[in-house]
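All remarks here apply to the structure that follows.
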Protein chains: 2
Amino acid sequence: MRAPGAGAHGSADVPPPGAERPAEHLPTTEGTMATTTRRRASISDVARLAQVSVGTVSNVLNRPDRVAPATRDRVLTAITELDFVPNGSARQLRAGTITTAGAIVLDVANPFFTDVARGIEDRLDEAGYTLMLASSDEDPEREARYLRLFEEHGVQGVMVVPATPDLAHLEAARARGLRVVLLDRPSPSDTLSSVAVDDRAGAAAATRHLLGLGHERLAFVNGSHSIRQCADRAAGVRAALAEGGLDPQTALVEITIPSLNADGGQTGTQQVLALNERPTAMLCVNDLTALGALRALRAADVPVPSGMAVVGYDDVAFAGELATPLTSVRQPTHQLGHHAADLLLRPDDAVEHVTFQPELVIRESTTGTG
Amino acid sequence: MRAPGAGAHGSADVPPPGAERPAEHLPTTEGTMATTTRRRASISDVARLAQVSVGTVSNVLNRPDRVAPATRDRVLTAITELDFVPNGSARQLRAGTITTAGAIVLDVANPFFTDVARGIEDRLDEAGYTLMLASSDEDPEREARYLRLFEEHGVQGVMVVPATPDLAHLEAARARGLRVVLLDRPSPSDTLSSVAVDDRAGAAAATRHLLGLGHERLAFVNGSHSIRQCADRAAGVRAALAEGGLDPQTALVEITIPSLNADGGQTGTQQVLALNERPTAMLCVNDLTALGALRALRAADVPVPSGMAVVGYDDVAFAGELATPLTSVRQPTHQLGHHAADLLLRPDDAVEHVTFQPELVIRESTTGTG
DNA sequence: ATGAAAGCGCTAACAG
DNA sequence: CTGTTAGCGCTTTCAT
């Protein structure tokens, strides 16, 4: 699907969260005069030119076989002549439905969400549907605004990563007849379909991997438990420890960092290194955090993995490209979106909750010889 | 703008170009029964319930001051009662216009484009507009299909990263009255506005930086010149060399790699290292390529930058986080999108060509002591 | 301040 | 096979 050598941009990445917009980059402007705007040709213009009725033009458009070849050609010629593009609003008003779906994610510039969006788009494309994509920026008001806008535009349905735990407005939209699929959020509701990734399982798999390698003291550099993913992953780690016969109280140190980026990882790791009974392995809440961890470990001359094993989460593009390739938990982002769209397009409109399993990608940061 | 601690996904990245979709991730499905779908309430339902005419309801919606407070309240109550959401198609059909713009990029999962999209969205949002985003996958047919779809939906205008050098269909759409802004492509046309980044200048700045550091033999690991960005960047490198009094023939070795990713960078760098008169500095067409270069240099025990200076392009998130932080050329992606949207929203609909200047971000891969 | 009615562009009966 | 016509839901004169 994805084009291989996608121009010179094939490699880019996002700026770290909270990065400043680049300073003014001195645009060069080169203006020209304005152009005139004409009224668009309508179906009756075509009918007049082709000397037929509007009904016939409509038939040529929608059921060409019902029209005599000669007439059809005449109409087609008129269409080309006038450069006629049918008015979708009118059609939609008449038909009541539209082949468009909406998606509201937290941030379109976040690769997790755009990979999901890509999955949605690919599935929608198969069905001839278009996607309207928007970012809520975690602002419930923006989310509500876009939801409303999509609904007014008559979309078939909406896939949304909720910005708040409160799902009342989504339930209401659902009751109004709009299809709604929750993204990356297990639905507590019987009326809203949902598609999510099992964060507990991902963290548990990573933990089991470390236990299998013989580690018995772990650190987890995590974000606030008010973030669902962080809480779920912490639960997964604890569950795996218990399952392995270890007491989370003694075998685990959880460090909470304020921002889930490289700086947070570096600071968190320094705290881990300062511990008197130093753990032998670290789990990081995401790969950027792990990157900061690797930086801190290098600065402290702690070899990886022999002095400290490191596991990330997300399996981002650079994870396998680092000086020490990073073991990480990969999430089926594309499938997540694909399935969400699939649910939205289901003819029966049934409610369904789907949970995908993440996959541990093992690399040298846990199994190497460093 | 961008929320700081955007959930646990704040750090993710994209898979490398050409990466396979992850294998089946064993979704867990949990179904429930379907729900009934009711007809949406219309303005006349509201009118009936509120015991007023539809015109009055419309007035409450659009010019509340024209309606007596008592009547207005009655209507408002009815609206709430019926959970009425106005039909945008009907409104648009009547009004003829719509507050939506479209954007067609090559790939929504590519961070360069999503950063641009974010800039577009932010500008559009200021004006109360919505964005419809789509990927052409560099397929001209898909591009044409989306263009048409957007036009049918009556969008104000479309911002597009053209998939082909042929701009005829875009010119035609423009002639039909649709606003069109070219993204990341300097327009050869008087009728189409455009917003682009100066690739020659970016490559030239990187080259001048290296020359200023005393390097006199450079390698450029680049992609095919059939990709506009690659050709432009090569021209920029050559121009800067000439300007510095060096003969590109002797001072520059250009290596062409098939895929602009880490593997390409690694292979290309091996070729550079095998040269008999080895360059002292390398330019890479993007950061992922530079990552591969760093990997190859490490494998060959060549210190960076003392044995080989390295410059990337794009300034992706991890560029500053590597073992050797990477000097790179940052592009004003967000501004690019912001300005494109700005052009689209201009009331005068004038044609304008804007070129943004990239910015060299200097780090240790060129100035360090390694 | 409110109501009545025309019509935006199109589709889908229904006639012929 | 083609024409006629009635709306889809809404906004907007124009009356009252």
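Lettering follows sequence order; numbering is per chain, from 1.
Although no hydrogens or angles enter the test, the distance criterion places no donor-acceptor pair under 3.5 Å between the side chain of R148(A) and the main chain of V85(B). Remark: side-chain polar atoms of D45(B) are not paired, donor with acceptor, to backbone N or O of A41(B) under 3.5 angstrom.
Residues D122(A) and H338(A) bring no donor and acceptor atom of their side chains to less than 3.5 Å of each other.
In this structure, CZ of R63(A) is placed 6 Å from C1' of dA12(C), rounded to the nearest angstrom. The nearest whole Å value for the distance from the CZ atom in R48(B) to the P atom in dG3(C) is 14 Å.
Note that CG of L183(A) and CE of M159(A) are 7.0 Å apart. Values are rounded to the nearest 0.5 Å.
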- prompt: Passes salt bridge (charged side-chain N to carboxylate O under 4.0 Å, His left out), R346(B) versus E352(B)? Steps please.
  reply: CA-CA 11 Å; R346(B) 291 181 63 137; E352(B) 194 175 299; 2.3 Å; yes
message: Using a 4.0 Å heavy-atom cut-off to protein, can you give one letter per nucleotide of nucleotides 1-10 of chain D, 5' to 3': B if the base is in contact, S if only the sugar-phosphate is, - if neither?
response: SBBB-BBBBB
